[in-house]
Amino acid sequence: MNFKQNFINGKWVPSHTSNKRDIMNPFNQEIIAQATESDETDTRYAIAAAREAFDKGEWSRTSATERNKKLHTIASFIERDNEELAQLETLDTGKTLDESRGDMEDIAGVFRYYAELADKHGGEVIDSPIPNTISKVVYEPVGVCGQITPWNYPLLQASWKIAPALAAGNTLIMKPSEITPLTTVKVFELMEEAGLPNGVVNLVLGKGNTVGAELSSNQEVDLISFTGGINTGKKIMQSASSNVKKLALELGGKNPNIIFADADLDIAVDQALHAVYFHAGQICSAGTRIIVEEKIHDSFVEPLVERVKNITLGSGFESSTQMGPLISKEHLHKVIQYVENGKKEGAVIAVGGKQPDAPELKDGFFYLPTVLTNCTSDMSVVQNEGFGPVITIETFTSEQEAVQLANDSIYGLSGGVWTKDIAKAERCVAKMRMGTVWMNDYNVYFPHAPWGGFKQSGIGRELGKAGLEEYQEAKHVFQNLRPKALNWF
């Protein structure tokens, strides 16, 4: 059995507890690997290694040009091992192989983007109002960074954290989701191959309530970056107050997708499917909350439902598969209960709403692509993030109502607007309280643009220049070229 270990201070080591966890393929519940199950003590070893490495300065004080080269080297190794990584990701998460291959291309791109930023954001000279002085701002690494990633996009989310942290000169401890660690382990092997100094990157495998809790509360950690659920994010905020850590939190969303009557309905229907059923709806930005203009409700919903009926479920390794399983039995039960709650509140199942009957899918954690109609904004299925292949349909009669409905949420991660009237789209976008809004498109992202949310969707930004700045501290340096006594006292 393939056994995955921690990577601490340049060495692969098991937990001192000798505990292990089975890693399961969600398509058929096959055990595909075992991982060491770490605790607070293991985490403290990793924190100490990261602290020592940062304070020694072998990485933090190395030139930005050298960091650029190392990040490009890591990217080239990811490109070299693209297919192996993609297959591991599909095996671990159940997503289609084409999805995983696309993820790996994006991940290499993230490392290359931050490689290029590493030596282009060192600081700036600013105007001083005082004669004979020089005033400048320099950007320095935060220090020791704790990073906690989710199970839905294990390596993609890790890359959004690792690449900018390294580009800025930090050291880090990564805790991947305990149920999908395989590609993260592989990339740590690639970073070891790239020759990063010992202690710069550390990997600790284990649960959030042990490893994650220690990272959040330990006073030797300077920053916590977390992607995951809102309740866990709130606990991390409380723990991080121990030493007033910097925080970067992405806590999900319940994302509106507004469809106006003048939209190209064929394209809007097609994109609405992609916005939700890609990776079985297990995407923080999934456009699960469709808000459609009342007069085209039937014209939009009927073709949507017909196309949902034809979505092919199966193994991510089969080329015909369009949607894979949910991640676990526990998560499957959450989605089942989520839909049942919607039915009790008055939502109507237009399609799906159950597990598939196909015998070839019986061992996997599958749930049929689902559309719920007759939904209103006060329903739990509309307000709560379901994280599954479930669309809710609401209606509106005016532009103002559409925006009001879209903003009626504790979340503010992302949203979409579909209309041929660009002025109308711009008016809506200006009023929508979300970190990303797409006009006549959905779920587009790239390394150059910041990613993060308003309201309870989180704090801070990943990707873009802002993603690098999360891992930096700005320092103002003031120099007086002609100092003189003040004679005040």
Side-chain angles (χ1 to χ4, degrees), residues 2 4-13 46-47 49-89 100-101 103-121 141-147 149 153-176 181-205 225 447 462-463 467-468 471-472:
N2 194 357
K4 304 302 181 183
Q5 301 184 85
N6 297 328
F7 186 69
I8 298 175
N9 203 24
K11 296 180 181 179
W12 293 97
V13 292
I47 293 170
R51 180 84 268 164
E52 182 180 7
F54 182 80
D55 291 345
K56 281 184 176 178
E58 190 175 356
W59 181 253
S60 60
R61 290 194 287 272
T62 195
S63 70
T65 301
E66 181 61 25
R67 296 199 298 270
N68 167 294
K69 291 178 181 177
K70 287 293 187 187
L71 286 167
H72 274 304
T73 298
I74 295 166
S76 69
F77 290 165
I78 292 169
E79 290 163 346
R80 180 195 69 193
D81 295 348
N82 179 294
E83 185 64 18
E84 179 186 354
L85 284 162
Q87 296 210 14
L88 278 175
E89 199 79 300
S100 295
R101 286 169 175 154
D103 286 351
M104 298 312 135
E105 292 176 5
D106 291 344
I107 289 160
V110 169
F111 275 93
R112 292 205 184 281
Y113 173 75
Y114 283 110
E116 290 303 309
L117 269 191
D119 58 0
K120 296 178 178 63
H121 198 243
V142 170
V144 175
C145 303
Q147 302 179 328
T149 53
Y153 281 87
L155 191 52
L156 185 67
Q157 291 290 333
S159 73
W160 290 13
K161 301 178 190 301
I162 294 170
L166 292 180
N170 297 281
T171 61
L172 63 93
I173 308 98
M174 166 64 65
K175 191 211 89 67
L182 299 185
T183 49
T184 305
V185 172
K186 174 63 181 177
V187 159
F188 269 75
E189 293 173 0
L190 300 184
M191 291 192 289
E192 179 187 25
E193 183 182 353
L196 291 175
N198 291 347
V200 171
V201 292
N202 302 273
L203 174 69
V204 184
L205 307 178
S225 177
E462 294 185 298
L463 299 181
L468 179 66
Y471 290 94
Q472 294 177 317

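Hydrogens, waters and symmetry mates are skipped; everything else that's a heavy atom, side chains included, is used. Fair warning: this is a prediction, and the values are worked out from it, not measured in the lab.
In this structure, M174 and F7 have side chains that are not in contact, with every pair of non-hydrogen atoms separated by 4.5 Å or more. Within the 4.5 Å cutoff, side-chain heavy atoms of L85 are placed close to those of V187. Side-chain contact between S225 and Y471 is present, with at least one heavy-atom pair separated by less than 4.5 Å. Taking the side chain as every heavy atom from C-beta outward, L155 and K186 never approach each other to under 4.5 Å. Between W12 and L203, some side-chain heavy-atom pair lies under the 4.5 Å cut-off. Taking the side chain as every heavy atom from C-beta outward, Q87 and S100 never approach each other to under 4.5 Å.
Closest approach of V204 to P176, counting heavy atoms only: O-CD, 3.7 Å. Residues V142 and Q472 approach most closely at CG2-N, 3.6 Å, considering heavy atoms. Across all non-hydrogen atoms, the minimal contact from A167 to A118 is O-CB, 3.9 Å.
At distances below 3.5 Å, not a single donor-acceptor pair connects side-chain atoms of D103 with backbone N or O atoms of L156. Side-chain atoms of D119 do not come within 3.5 Å of backbone N or O of N68 as any donor-acceptor pair. T183 places no side-chain N or O within 3.5 Å of a backbone atom of L88 that could act as its donor or acceptor partner. With R61 contributing its side chain and K56 its backbone, the two residues share a donor-acceptor pair below 3.5 Å. No donor-acceptor pair closer than 3.5 Å links the side chain of S159 to the backbone N or O of I107. Of the possible donor and acceptor atoms, one in the side chain of Q147 sits under 3.5 Å from a partner among the backbone N and O of K161.
Salt-bridge annotation for E105 and R101: absent, with no side-chain N of the basic residue lying under 4.0 Å from a carboxylate O of the acidic one.
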(message) One pair to check against side-chain contact (heavy atoms from CB on, under 4.5 Å): L172 and L166. What are the steps and the verdict?
(response) CA-CA 8 Å; L172 63 93; L166 292 180; 4.0 Å; yes
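Here D106 pairs with Y445 under the side chain to side chain donor-acceptor pair (under 3.5 Å) rule; sequence neighbours left out.
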